[in-house]
Amino acid sequence: MASRQQDSDKRAVLVVDDEAGMCEVLSYILGREGFNVETAAHAEEALEAFDRRCFDVTITDLRMPGAGGIELLRRIKDRDPNALVIVITAFSTWDSAVEAMRLGAFDYIKKPFDNEDIRAVVSRAMEVARELSLRGAGDVPAYVRNLIGATQVMQEVHNLIRRVASTDSTILIHGESGTGKELVARAIYNCSSRSEEAFIAVNCGAFTESLLESELFGHMKGAFTGAVSHKKGLLEVAHRGTFFLDEVGEMSRQTQVKFLRVLEEREFMAVGSTETQRVDVRFITATNRDLEKAVADGSFREDLFYRLNVIPIRLPPLRERKEDIPLLAGHFMARYSHQMGKKISGISREAVRFLTDYDWPGNVRELENTIHRAVALSRDSEITPADLVIKMRTGTPASQLMSRELPGDGIDLEESLAQVERTYICQALERTGWNITHAAELLGTSFRSLRYRISKLDIKQEAEA
Ligand SMILES: Nc1ncnc2c1ncn2[C@@H]1O[C@H](COP(=O)(O)OP(=O)(O)OP(=O)(O)O)[C@@H](O)[C@H]1O
Ligand SMILES: [Mg+2]
């Protein structure tokens with residue numbers, strides 16, 4: 001779960017009620033107490049808000065159209081068991097209030113209430129929130145705080161990290177580029193008994209065969225042209241520590257043989273030397289290639305694969321765990337706004353929708369870069385779609401439409417482009433409730449140009465409804 005600590009020092013309250021009047025009254029009372037108050041008209045809206053940022057306390061009415069207060073409480077507690085939720089109950093919903101307490105609501109307020117009732121219960125909840133955030137900072141290890149992910153699959157990765165960290169087993173981390181392989185490798189190292197010793201990372205893809213060997217094993221003076229002096233290999237430097245071998249699938253067949261020996265015997269020879277050296281290292285390796293396939297096609301040694309794959313950790317691509325996107329986005333927003341000294345406290349609902357609609361081929365790294373840029377660009381207290389770069393604004397539909405193979409019998413280019421244009425414009429208009437100014441913003445174009453295109457393509461509101 002993301003840290004509760006918000007960037008702004010104000011404590012945050014979320015008020016959920018379908019009656020606008022009630023939201024206003026509570027915002028007024030709590031605003032005067034110095035809290036940062038956000039409101040939501042129904043449970044879905046509240047959950048979206050919850051995804052965008054953390055609230056110290058949530059106050060919800062029990063009876064609302066759609067999912068009621070009980071369902072909302074249940075879903076908030078699923079996301080964060082420590083969340084503090086206060087329910088507002090009328091005489092007619094008394095049974096539900098009891099149920100709410102059973103489900104872990106912090107307290108209830110009976111209607112009608114006066115300002116003092118509200119102030120008292122919220123201030124008690126804030127006390128607890130403060131305690132929780134102090135405690136939270138203490139007992140959650142740093143690596144877990146950095147490795148964000150509340151989805152089941154990421155929780156399993158967390159558990160695995162904890163279980164394997166203390167062993168010396170070799171680990172193979174498999175995942176697409178930008179999924180966090182290096183972060184996981186460092187997390188394992190940080191929680192291992194070798195955390196006081198060296199962590200050496202080498203990217204096999206960054207070297208030619210002979211350079212990689214001389215990096216890993218070192219070389220003797222005169223071993224090859226240019227070897228003017230003896231050089232220690234990184235394996236020796238990593239003695240007693242942890243060795244992270246990235247893009248291990250890029251290793252040549254010859255280096256694979258030498259490396260297999262290191263894994264089996266913890267022994268190697270420097271290039272040009274006949275003397276065997278022994279090392280004590282823990283290996284963590286990573287790859288974005290399908291090594292089993294590489295074994296099948298003969299480019300990767302089977303015996304080496306089994307030596308590496310003692311404990312496999314698979315990191316899923318971000319598109320397979322979209323529920324983590326708001327959490328990650330919030331985490332990066334907090335990090336970069338803090339770094340840049342900006343007062344940004346949230347990501348707009350619309351922006352979150354864009355982020356979750358997109359497929360993130362560059363995974364977490366791409367999301368991180370996008371938020372980094374958005375924080376730099378933002379002139380508001382909130383990140384909005386306008387702050388997100390164009391490439392991502394077009395998102396999945398574009399990549400799907402554009403990546404269509406050119407059929408054998410060709411296409412009508414003008415017609416296909418018009419189709420793409422129409423698809424995006426209709427989506428933008430739908431999303432903004434036909435607000436042309438906002439739709440133009442989403443499309444990165446001007447009001448006039450959008451109005452012109454709508455009339456050129458003959459897009460009509462009724463037809464879309
Ligand atoms: N679960 C996560 N929580 C927070 N930050 C993450 C997470 N996963 C990745 N990151 C961040 O995303 C960036 C990319 O992660 P990392 O370098 O570990 O990916 P990688 O899988 O090693 O990528 P590559 O295959 O391209 O080397 C880093 O800045 C990292 O801190
Ligand atoms: Mg990496």
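Whatever order the structure lists ligands and atoms in, that order sets their numbers, starting from 1.
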Closest candidate by heavy atom, reference atom 9 (C) of ligand 1, pool Asn203, Thr287, Val364: Val364
Ser378 and Asp387, any side-chain heavy atoms less than 4.5 Å apart: yes
Nitrogen or oxygen of Leu183 less than 3.5 angstrom from that of ligand 1: yes
Set of side-chain hydrogen bond (donor to acceptor under 3.5 Å, both in side chains) partners for His438, sequence neighbours left out: Asn435
Side chains of Arg266 and Phe283 in contact at under 4.5 Å (non-hydrogen atoms): yes
Crowding at CD, Gln339 (>12 non-hydrogen neighbours, <6.0 Å): yes
For atom 4 (C) of ligand 1, closest protein heavy-atom neighbour: Asn146 O, 3.0 Å
Under 4.0 Å to a heavy atom of Gly180 - the qualifying atoms of ligand 1, by number: 8 (N), 9 (C), 15 (O), 16 (P), 18 (O), 19 (O), 20 (P), 21 (O)
Atoms of ligand 1, numbered as shown, that sit under 4.0 Å from any heavy atom of Glu182: 18 (O), 22 (O)
Leu73 and Lys77, any side-chain heavy atoms less than 4.5 Å apart: yes
Any Leu450 side-chain heavy atom under 4.5 Å of Ile425 side chain: yes
Residues that Phe224 engages under ring-ring contact (aromatic ring centres under 6.0 Å, His included), provided they are two or more places apart: His219
Atom 23 (O) of ligand 1: nearest protein contact (heavy atom, Å): Gly178 N, 2.8 Å
Centroid-centroid distance, Tyr189 to Phe199, less than 6.0 Å: yes
Pairwise side-chain contact, Val262 with Phe217, heavy-atom cut-off 4.5 Å (strictly under): yes
Arg365 N/O to ligand 1 N/O under 3.5 Å: yes
Gly149 to ligand 1, any heavy atom closer than 4.0 Å: no
Where ligand 1 meets Ile148 - atom numbers and elements under 4.0 angstrom, heavy-atom basis: 1 (N), 2 (C), 3 (N), 4 (C)
Closest approach of any protein heavy atom to atom 20 (P) of ligand 1, naming residue and atom: Lys181 N, 3.5 Å
Within reach of ligand 1, part of Glu368 (heavy-atom separation under 4.0 Å): side chain
Atoms in ligand 1 flagged as close to Leu328, the criterion being non-hydrogen separation under 4.0 Å: 2 (C), 3 (N), 4 (C)
Shortest protein heavy-atom distance from atom 26 (O) of ligand 1, along with the residue and atom involved: Ser177 OG, 2.5 Å
